[in-house]
Amino acid sequence: MKPDAYSADCPTRQILDRIGDKWAVLILLLVRDEPMRFNALRRTIEGISQKMLSQVLKSLERDGLIRRRAIPTVPVTVEYSITPLGTTLATAVDHLRDWAERYLKEVLAAQRRYDAQKNAKAA
């Protein structure tokens, strides 16, 4: 069966959900350069809860995009690193991050214009 992201039952949609998840993208971009521990990720990614971080890390590991390594210390230290497959995705989504940063002003200006038009029509 050929993948078809437009089909409701195609597993491609699960992968697109992962790519579209802001937390997953941020985690991938962070661990791309060096392995990071759980608490370092939580401190770096503002606004993510401990529960959400744990869930996303498990999902990324299940998808083969990151690797979890337990280091035998007391207490056990866990670090996360990117896999070769994850690197290919991180490269792709980094272009999206770059675009978002580059065109942020234009998008915010468009939103202000749109909101002003909506408010003017409502008044």
Side-chain angles (χ1 to χ4, degrees):
M1 177 175 135
K2 183 181 176 203
D4 178 9
Y6 296 100
S7 174
D9 60 348
C10 183
T12 302
R13 287 197 181 182
Q14 294 172 348
I15 297 169
L16 291 173
D17 283 344
R18 182 81 55 241
I19 296 167
D21 180 79
K22 66 181 174 185
W23 302 125
V25 169
L26 294 173
I27 291 167
L28 277 176
L29 293 176
L30 283 172
V31 300
R32 174 181 55 177
D33 297 325
E34 62 182 344
M36 290 186 76
R37 292 169 46 179
F38 183 92
N39 285 327
L41 287 165
R42 194 170 56 139
R43 282 191 304 271
T44 304
I45 304 172
E46 295 180 5
I48 193 168
S49 69
Q50 182 171 337
K51 180 180 176 183
M52 181 58 67
L53 178 58
S54 180
Q55 289 174 348
V56 176
L57 286 168
K58 286 176 185 173
S59 295
L60 291 170
E61 182 181 11
R62 182 174 182 262
D63 292 344
L65 301 172
I66 64 168
R67 183 177 305 109
R68 179 185 187 274
R69 183 172 80 112
I71 302 166
T73 57
V74 180
V76 173
T77 301
V78 177
E79 71 177 17
Y80 297 89
S81 58
I82 200 161
T83 64
L85 180 61
T87 300
T88 64
L89 178 55
T91 300
V93 297
D94 196 32
H95 293 293
L96 295 174
R97 180 208 48 82
D98 183 51
W99 183 92
E101 289 177 352
R102 181 176 298 150
Y103 295 103
L104 176 63
K105 289 179 184 177
E106 287 89 341
V107 171
L108 292 175
Q111 290 173 350
R112 284 191 298 275
R113 286 190 304 273
Y114 179 89
D115 292 344
Q117 289 174 347
K118 284 293 218 186
N119 291 337
K121 288 180 182 177

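What's counted below: heavy atoms across the whole structure, side chains too, no hydrogens, waters or symmetry copies. Everything quoted here is computed from the prediction, not taken from an experiment.
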Ile82 to Leu65 - nearest heavy-atom pair and separation: CG1-O, 3.5 Å
Side-chain (Arg68) to main-chain (Ser81) donor-acceptor, under 3.5 angstrom: no
Gap separating the CD atom of Glu61 from the OG1 atom of Thr83, nearest 0.5 angstrom: 10.5 Å
Met52 and Gln55: CA distance, side-chain angles, deciding distance, side-chain contact (heavy atoms from CB on, under 4.5 Å) verdict: CA-CA 5 Å; Met52 181 58 67; Gln55 289 174 348; 4.0 Å; yes
Which atom of Ala5 lies closest to which atom of Thr12, heavy atoms considered: CB-CG2, 3.8 Å
Beyond-backbone contact of Val31 with Leu60, side-chain heavy atoms, under 4.5 angstrom: no
Arg42 side chain reached by Asn39 side chain, heavy atoms, under 4.5 Å: yes
Check against side-chain contact (heavy atoms from CB on, under 4.5 Å), Leu53 and Leu57: CA-CA 6 Å; Leu53 178 58; Leu57 286 168; 3.8 Å; yes
Verdict with supporting geometry, Asp115 and Lys118, salt bridge (charged side-chain N to carboxylate O under 4.0 Å, His left out): CA-CA 5 Å; Asp115 292 344; Lys118 284 293 218 186; over 6 Å; no
Backbone N/O of Ser7 and side chain of Arg13: donor-acceptor pair under 3.5 Å: yes
Hydrophobic cluster membership, Trp23 vs Leu16, 4.5 Å side-chain cutoff: yes
Gap between atom CZ of Arg18 and atom CZ of Arg62 - 0.5 Å precision: 8.5 Å
Donor-acceptor under 3.5 Å (Ser54 side chain, Lys51 main chain): no
Non-hydrogen side-chain atoms of Leu28 and Arg32 separated by less than 4.5 Å: no
Under 3.5 Å donor-acceptor, Thr77 side chain and Ile71 backbone: no
Atom CD of Glu46: over 12 foreign heavy atoms under 6.0 Å: no
Tyr80 side chain near Ile66 side chain, heavy-atom distance below 4.5 Å: yes
Check: Ile15 and Asp63 side chains under 4.5 Å, non-hydrogen atoms: no
Transitive ILVMFWY side-chain link Trp99 to Leu96, under 4.5 Å: no
Partners passing side-chain hydrogen bond (donor to acceptor under 3.5 Å, both in side chains) against Arg37 (at least two apart in sequence or in another chain): none
Closest approach of Leu29 to Ala90 (non-hydrogen atoms, all atoms of both residues): CD2-O, 3.6 Å
Nearest atoms (heavy-atom pairs only) where Val76 meets Ala70: CG1-CB, 4.0 Å
